[in-house]
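What follows is a set of notes on a single structure, which appears directly below.
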Amino acid sequence: MGRYLERSEHLARYTKVQYFSLYDAPHLQSIDFVLSSIVNMTGIDYDISETPIDEQDVIHEVGLARSNYSIFSYVLAARENARSARNVLSDELWEVINQYYRFVQEYDPDYFKVRGLFEFTYEVNKHCQIIKSTISHTMLHKLSWMIISLGIYLERTVQLLRTLQSKLTDIKFLTMDEPNTVLERYQWTTALKIMEAFDIYRRFIKRQNSKATPVDFLIWDKTFPRSVLYSLSKVDELITAISAHEGGHGDIRFHSGKLHTKVRYSTKEETQHLSDYLNSLLDEVSILHQLIDRGIFHNTEEMEEDSQEGVQVQLQSQDHQA
């Protein structure tokens, strides 16, 4: 449930920022380039080899299509996971998740394709923020809360890494491997806006450390909740807490600690080839996903005592790479 909620929120932010970057880019970006970037990042089943790309079709597939990889599909999956675990969720949490689902389900697809993208994605982000606040303030901070939070931070790590990969691909396409500082700077600014980090980076980080790049901030900042390092620190902290609660899970604890340490103590030599570095982190996160899936969710005897059914979380891989 936590993973699907985080994925729907991130997909909405990415689509909104990337789409509307078309209108304020320092150099002309074609609509086909913007739509291709959205398709590659989201992994929707859409053929972008033929141009022009149908703008309304792409927008619909990302937002409201009744198929995999759309915001609607993730919200539906989050609601179904919540339904299966209602006995360990607060009534208030179930209500706001259900309200989120009803909003997405009832949104007019014809209006969405023509004029509703900004409004829809704004409301998606608002619903997710309300749900996360309700998770934090209406649940006992025990095993169920730990697992939901683990899903959120685990998915956030994945989406952060995939966003950075997507921006590297966009930069390579736009510059044709020729240095272009203006284009590169704008694409990294877009990445900051996708993660709602632009203002914080500009007002605090850039002033304090003129050498800190957007990539440095989004990967290695210890205090920003949407950095890779911060997210992995929370993953490691939650896995440690779950292990202490249940006992065992030594292989999961080992891998999460190793991954967190790998990012925290990365050297310049290791990150010189950024794309390879990001790919290696995604591979490590994928292994961690598998360990958690096998070690926690498939071993129902170790689930929380107050849950007879457990919390069922479907781990849906996103192998489509930009």
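In this text, all values refer to a predicted model and were calculated from it rather than measured experimentally.
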Check your understanding: What about the rings of Tyr111 and Phe120, do their centers lie closer together than 6.0 Å?
Key ->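 Aromatic pair excluded; centres sit 6.0 Å or further apart.
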Look at the side chain of [X] and the backbone N and O of [Y], then say whether any donor-acceptor pair between them is shorter than 3.5 Å.
| X | Y | answer |
| --- | --- | --- |
| Tyr201 | Ala212 | yes |
| Asp221 | Ser227 | no |
| Arg13 | Glu196 | no |

Review point. Do NZ/NE/NH1/NH2 and the carboxylate oxygens of Lys258 and Glu284 come within less than 4.0 Å?
Key: no
Exercise for review: Using a strict cut-off of less than 4.0 Å between a Lys/Arg side-chain nitrogen and an Asp/Glu carboxylate oxygen, indicate whether Glu123 and Lys126 qualify as a salt bridge.
Suggested key: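 Yes.
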Point to revise | salt bridge (charged side-chain N to carboxylate O under 4.0 Å, His left out): pairs with one or both residues in residues 265-280, sequence neighbours excluded | key: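 Every candidate salt bridge (charged side-chain N to carboxylate O under 4.0 Å, His left out) pair involving residues 265-280 fails, so no pair, neighbours aside, qualifies.
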Point to revise | Residues which pass ring-ring contact (aromatic ring centres under 6.0 Å, His included) with His60, listed by chain and number, not counting sequence neighbours | key: none
Will you find, in the side chains of [X] and [Y], an N or O donor that is under 3.5 Å from an N or O acceptor?
| X | Y | value |
| --- | --- | --- |
| Ser21 | Tyr186 | no |
| Ser256 | Asp236 | yes |
| Thr138 | Glu92 | no |
| Tyr277 | Ser266 | yes |
| Asp32 | Ser30 | no |

**Study point:** Nearest-0.5 Å distance, CG of residue Leu160 to CG of residue Leu282
**Key:** 10.5 Å
Review point. How far does CG of Asn279 sit from CG of Leu161, to the nearest 0.5 angstrom?
Key: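 Going from CG on Asn279 over to CG on Leu161, the span is 9.5 Å.
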Point to revise | Whether His141 and Trp145 hold their rings parallel, tilted or perpendicular, with breakpoints at 30° and 60° | key: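 Taking Trp145 first and then His141, their aromatic rings lie parallel (interplane angle under 30°).
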**Study point:** Arg203: side chain to side chain donor-acceptor pair (under 3.5 Å) partners, not counting sequence neighbours
**Key:** Asp199
Review point. What about Tyr23 and Val34, same hydrophobic cluster or not, with Ile/Leu/Val/Met/Phe/Trp/Tyr joined at side-chain heavy-atom distances under 4.5 Å?
Key: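 Both belong to a single hydrophobic cluster.
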Point to revise | Charged tip of Arg66 within 45° of Phe72 ring normal and under 6.0 Å | key: yes
